[in-house]
Protein chains: 2
Amino acid sequence: MNQSDRDQRATTGDPVRRATMRDVAALSGVSIKTVSRVINGVSTVSDDLRDRVTRAITQLDFQPNLAASSLRRTDGATRQIALLLEDVANPFSATLSRAVENVAREHDTLVFAGSLDEEPQRELELVRAATLHRVDGIIIVPAAPDHGYLHREIRTGTPVVFVDRPPRGLAADAVLATNTEGAREAVLHLADHGHTEIAFLGDESSITTVGERLTGFRRALAERGLPERPDRVALDLPDPGTAARAVAAMLDSAHPPTALFTAQNLVTIGAIQTLQARGLHHDVAVVGFDDFPMADLLAPRVTVVAQDVMRIGTLAVQRLFERITGDDGAPREERVPTTLIARGSGEIPPPAG
Amino acid sequence: MNQSDRDQRATTGDPVRRATMRDVAALSGVSIKTVSRVINGVSTVSDDLRDRVTRAITQLDFQPNLAASSLRRTDGATRQIALLLEDVANPFSATLSRAVENVAREHDTLVFAGSLDEEPQRELELVRAATLHRVDGIIIVPAAPDHGYLHREIRTGTPVVFVDRPPRGLAADAVLATNTEGAREAVLHLADHGHTEIAFLGDESSITTVGERLTGFRRALAERGLPERPDRVALDLPDPGTAARAVAAMLDSAHPPTALFTAQNLVTIGAIQTLQARGLHHDVAVVGFDDFPMADLLAPRVTVVAQDVMRIGTLAVQRLFERITGDDGAPREERVPTTLIARGSGEIPPPAG
DNA sequence: TTGAAAGCGCTACCAC
DNA sequence: GTGGTAGCGCTTTCAA
């Protein structure tokens, strides 16, 4: 959009100018500074003046300009933070968003939410937009392969907290799930129900969590003395459709798996689609990483390794506000444990014989 | 600052001051005004100066302060809008959020997302927070019973677009679904499959959409000459648990319904929970208002009247930017049609005899 | 306790 | 084409 577009803001009826501190000062017969004192709750104002100012504020419906305030303030706080997610529309991101909002609210802070869509370029753009707006801090589920570029932001006073995936090329706070352990638990669960032919299906291998979950898968196989077959590992399945086809291909192979560990939400859904389409949903075991809506209304109900997303988000935003309020300790990585929820699909035994 | 100060800062990670236009001007040997011209892409700058300025900007990693800029600008645009939702974590809101983000991005505008939780008080607080931040506009799924208070905001140049529910006590733009028609279609669908005992289950009756959907329900009954029984209408079911109990109560009554029209997402889910718990999910027909994830993986697959949420969100944000860029026409109400998606649960016939 | 003046970072206006 | 000056709405410093 060009400049003239915005300049032509037309006006229905009389455009009403917003009241400023000067208007309030004039109406109440005090100086601007006294108005400022009242607004900011500084005690050194006599009751009489405070009353007059308060009345004028109400009468004029004065609303202080936060941007002007923070421009002048020593701390420069803008009371806004940025939350950069994979996609605001997916349940993981949306839940994270809610957790962040809840804590931000306590700090009178608004939250910019944005989607990166796993695109590094988008991450750079949104981080830049956030700094142009001088946000007080950034929470990010990163998409970029390297975060060295953020060092400058952190040094100039914009703290950054990573969520779900650790920073690379940068020391910064991070709140992550116990991916390896969770995946390991899922696969042990399948093995303990008698499965020896277990497949791994994951989304884009560039994402750190996928690697960690694959490690957990392998560790569990090794612990149970099960061999890993290359054709039992499918990666880079970004959506349910792709995942569904990968499952179909495995089922069509000479040695189809009897159990699936689906390392992400959408992959789980794709797998279920294929199993249902083939009428195998009561025959092939499935454990998914990350819970999802309706998992307990499907037939069979879906066994998952659930992440505590609210807790992850809450820890992240709390850490961010610690930084914003001056904490300058060494960066910390926190791991939030997962929980295996056995609902049925993960307890299906392998076919007899 | 001497050299040792500098070294100490480097090691302790003390905050580095951000470069300003003045720094850029000093380094490139031009006036601040020329830097401003370069930043804003004004053409009246010689190539030579533009080059020097551009180099200085890169060298200093200068990032213009958007808040300072809009404070001074004639139009005062801050390039941020507020999106006030029922709850950022629910799928309807999350999808809306994504639609708004997509269009906002084209306008170099960030989106504040906030949750009202159906609490009028929260609405007032968040609208106030948004105006303190001087957002360029507000998109709202309202919770308050009256919106007269917004008249002032609109007059002072902050346009407001309503989504999902119309404004009350205020003339403003709105983008809504065809609730009455959609509900009517759902109930006619059930009637046309032979049902005469159809129940209505809806969430909080204070919400406008619930009333419209109930009207559609009644209209369909009337059209088919079916009587409306008071015990077949349950309202104020804010969550799946409450809805589940309401369904259970109806099933336990002397004349249980053979078909359910669930007027909202969470109500549909609660109804399915009860039907599954009683093993009746293949016997009682269900049509839900609003689609939901996994609806086509359940058994039976769930027939719904789907809203085109992306389209609703896109129309709303487009309307908002029209207002922001000067449109001062009369407020418009747009209705986005729903689509009945027959998947199975809505085509279950009533029990024979 | 109160207020005058300076200035945050930037753009508008008007000189040259 | 370029730059000086004023000022956006507010807080800070310092004097009264």
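Letters A, B, ... are given to chains in the order of the sequence lines, protein chains preceding strands, and every chain is numbered from 1.
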Send over the distance from [X] [atom1] to [N] [atom2], rounded to a whole Å.
{"X": "B:Ile57", "N": "C:dC10", "atom1": "CD1", "atom2": "C1'", "value": "13 Å"}
{"X": "A:Lys33", "N": "D:dC10", "atom1": "NZ", "atom2": "P", "value": "12 Å"}
{"X": "B:Arg22", "N": "C:dC10", "atom1": "CZ", "atom2": "P", "value": "10 Å"}
{"X": "B:Asp48", "N": "D:dT2", "atom1": "CG", "atom2": "C1'", "value": "13 Å"}
{"X": "B:Gln63", "N": "C:dC10", "atom1": "CD", "atom2": "P", "value": "11 Å"}
{"X": "A:Arg37", "N": "D:dT13", "atom1": "CZ", "atom2": "C1'", "value": "11 Å"}
{"X": "A:His133", "N": "C:dG9", "atom1": "NE2", "atom2": "C1'", "value": "15 Å"}

Per nearest nucleotide of DNA chain D, the residue lying toward the 5' end, A:Arg72 or B:Ile32, is B:Ile32
Which nucleotide, [options], lies nearest any side-chain atom of [X]?
{"X": "B:Ser69", "options": "D:dC8, D:dC10, C:dT11", "value": "C:dT11"}
{"X": "A:Asn65", "options": "D:dC10, D:dT11, C:dC10", "value": "D:dC10"}
{"X": "B:Leu71", "options": "C:dT11, C:dC10, D:dC8", "value": "D:dC8"}

Verdict with supporting geometry, B:His133 and A:Gln80, side-chain hydrogen bond (donor to acceptor under 3.5 Å, both in side chains): CA-CA 9 Å; B:His133 284 266; A:Gln80 48 197 24; 3.2 Å; yes
Can you tell me how the ring of A:Phe162 sits relative to the ring of A:His147, calling it parallel under 30°, perpendicular over 60° and tilted otherwise? perpendicular
Sugar-phosphate, base or nothing in reach of A:Leu49, heavy atoms under 4.0 Å: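 Here A:Leu49 touches the backbone only, sparing every base.
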Taking any heavy-atom pair under 4.0 Å as a contact, classify A:Thr74: base, sugar-phosphate, or nothing.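 Sugar-phosphate, no base atom in range.
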Heavy atoms of other groups near A:Arg22 CZ, more than 12 under 6.0 Å: no
In terms of side-chain geometry, is the basic nitrogen of A:Arg52 or A:Asp48 positioned less than 4.0 Å from the acidic oxygen of its partner? yes
If only side-chain N and O atoms of [X] are considered, is one of them under 4.0 Å from the OP1 or OP2 phosphate oxygen of [N]?
{"X": "B:Thr34", "N": "D:dT2", "answer": "no"}
{"X": "B:Ser36", "N": "C:dT11", "answer": "yes"}
{"X": "B:Ser31", "N": "D:dG3", "answer": "yes"}
{"X": "A:Arg73", "N": "D:dT11", "answer": "yes"}
{"X": "A:Ser46", "N": "C:dT2", "answer": "yes"}

side-chain hydrogen bond (donor to acceptor under 3.5 Å, both in side chains) with B:Arg323: of B:Asp173, B:Asp136, B:Thr158, only one passes, and it is B:Asp173
